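In what follows, a single structure is set out as structure tokens and then discussed.
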Amino acid sequence: MKSVEAKPKAEHAAILRAIAAIPPGCVASYGEIAARAGLPKRARLVGRVLGETPAGVAPWYRVLRSDGRIAFPPGSREFREQVRRLAAEGVLVRNGRVDLAAHGWERNLDDLLWGPPPPAKKAARGKRRPTGD
DNA sequence: GCCCTGACGTGAA
DNA sequence: ATTCACGCCAGGG
């Protein structure tokens, strides 16, 4: 028998599994998901799978581009949906972009382990945090 | 079987 | 920060 051919479905399952593993309140890039699914360079495949996957089977909204940008065109229905979903989990999107340093999945752990805080910053004009928060 | 497109990524200009 | 180009793989015409 030629069972040698593993159906591509296996890869889909791995991808969906990786996405499902993203903790609430966190986000991950397509590339990260692919890597975690054991598919190093298949970021595009992740997108394709999500497109093929019906909503509800996986937290698709927690997946963004490597820049933290939403993959959908700004203003599109899916875009708004994603922003809404993320906001519901405490992930705020600014200008179609999410702060990976704050909500990045593994990224966050990496920072915690290596050294978080690249403090030196300029005082963001007008923006300040009166409370030491 | 070739060509184009795409929920991507990275590097350079 | 923005734009362009190239690489990558899978589907669809």
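Only heavy atoms go into these numbers, but all of them, side chains included; no hydrogens, no water, no symmetry mates. Source: prediction; values computed, not measured. In what follows, chains carry the letters A, B, and so on, assigned in the order in which the sequence lines appear, proteins first and then strands, with residues in each chain numbered from 1.
Regarding A:L45, its CG atom lies at a distance of 12 Å from the P atom of B:dC8, rounded to whole Å. Following rounding to the nearest Å, A:H12 (NE2) and C:dG11 (P) show an atom-to-atom distance of 6 Å. The nearest whole Å value for the distance from the CD1 atom in A:I15 to the C1' atom in B:dC8 is 12 Å. In this structure, A:E78 places its CD atom 16 Å from P of B:dG6, rounding to the nearest Å. Atom CZ of A:R48 and atom P of B:dT5 are 13 Å apart (whole Å). One interatomic measurement links the two molecules: CD1 of A:I33 to P of C:dC9, which rounds to 19 Å at whole-angstrom precision. In this structure, A:I19 places its CD1 atom 15 Å from P of B:dA7, rounding to the nearest Å. As a whole-Å value, the separation of A:L16 CG from B:dA7 P is 17 Å.
A:S66 has a side-chain polar atom (N or O) that falls below the 4.0 Å cut-off from OP1 or OP2 of B:dT10. Between B:dG9 and A:R69, no contact under 4.0 Å exists linking OP1 or OP2 to a side-chain N or O.
Both A:K41 and A:R97 lie near DNA chain C, and the one whose nearest nucleotide falls closer to the 5' end is A:R97.
In this structure, the side chain of A:R69 engages the main chain of A:N95 through a donor-acceptor pair within 3.5 Å. Put simply, the side chain of A:R80 gets close to the backbone of A:G75: a donor and an acceptor are under 3.5 Å apart. No donor-acceptor pair under 3.5 Å is formed between the side chain of A:E11 and the backbone N or O of A:A37. A side-chain donor-acceptor contact under 3.5 Å links A:R62 to the backbone of A:I22.
Nearest to the side chain of A:R44, among C:dG7, C:dA1, B:dG9, sits C:dG7. Side chain of A:F72, nearest nucleotide from B:dA7, B:dC8, B:dG9: B:dA7. You'll find that the side chain of A:A71 is closest to B:dA7, out of B:dA7, B:dG9, B:dG6. Nearest to the side chain of A:R42, among C:dA1, B:dC8, C:dC9, sits C:dC9.
At a threshold of 4.0 angstrom between heavy atoms, the contacts of A:L50 include nucleobase atoms, whether or not backbone atoms are also involved. Within 4.0 Å of A:G51, counting heavy atoms only, lies at least one base atom of the nucleic acid. In this structure, A:R65 reaches the sugar-phosphate backbone alone: every heavy-atom distance under 4.0 Å involves primed, P, OP1 or OP2 atoms, never a base. Counting non-hydrogen atoms under 4.0 angstrom, A:R77 reaches nothing in the nucleic acid.
Closest of all the heavy-atom pairs between A:W105 and A:C26 is CA-CB, 4.3 Å.
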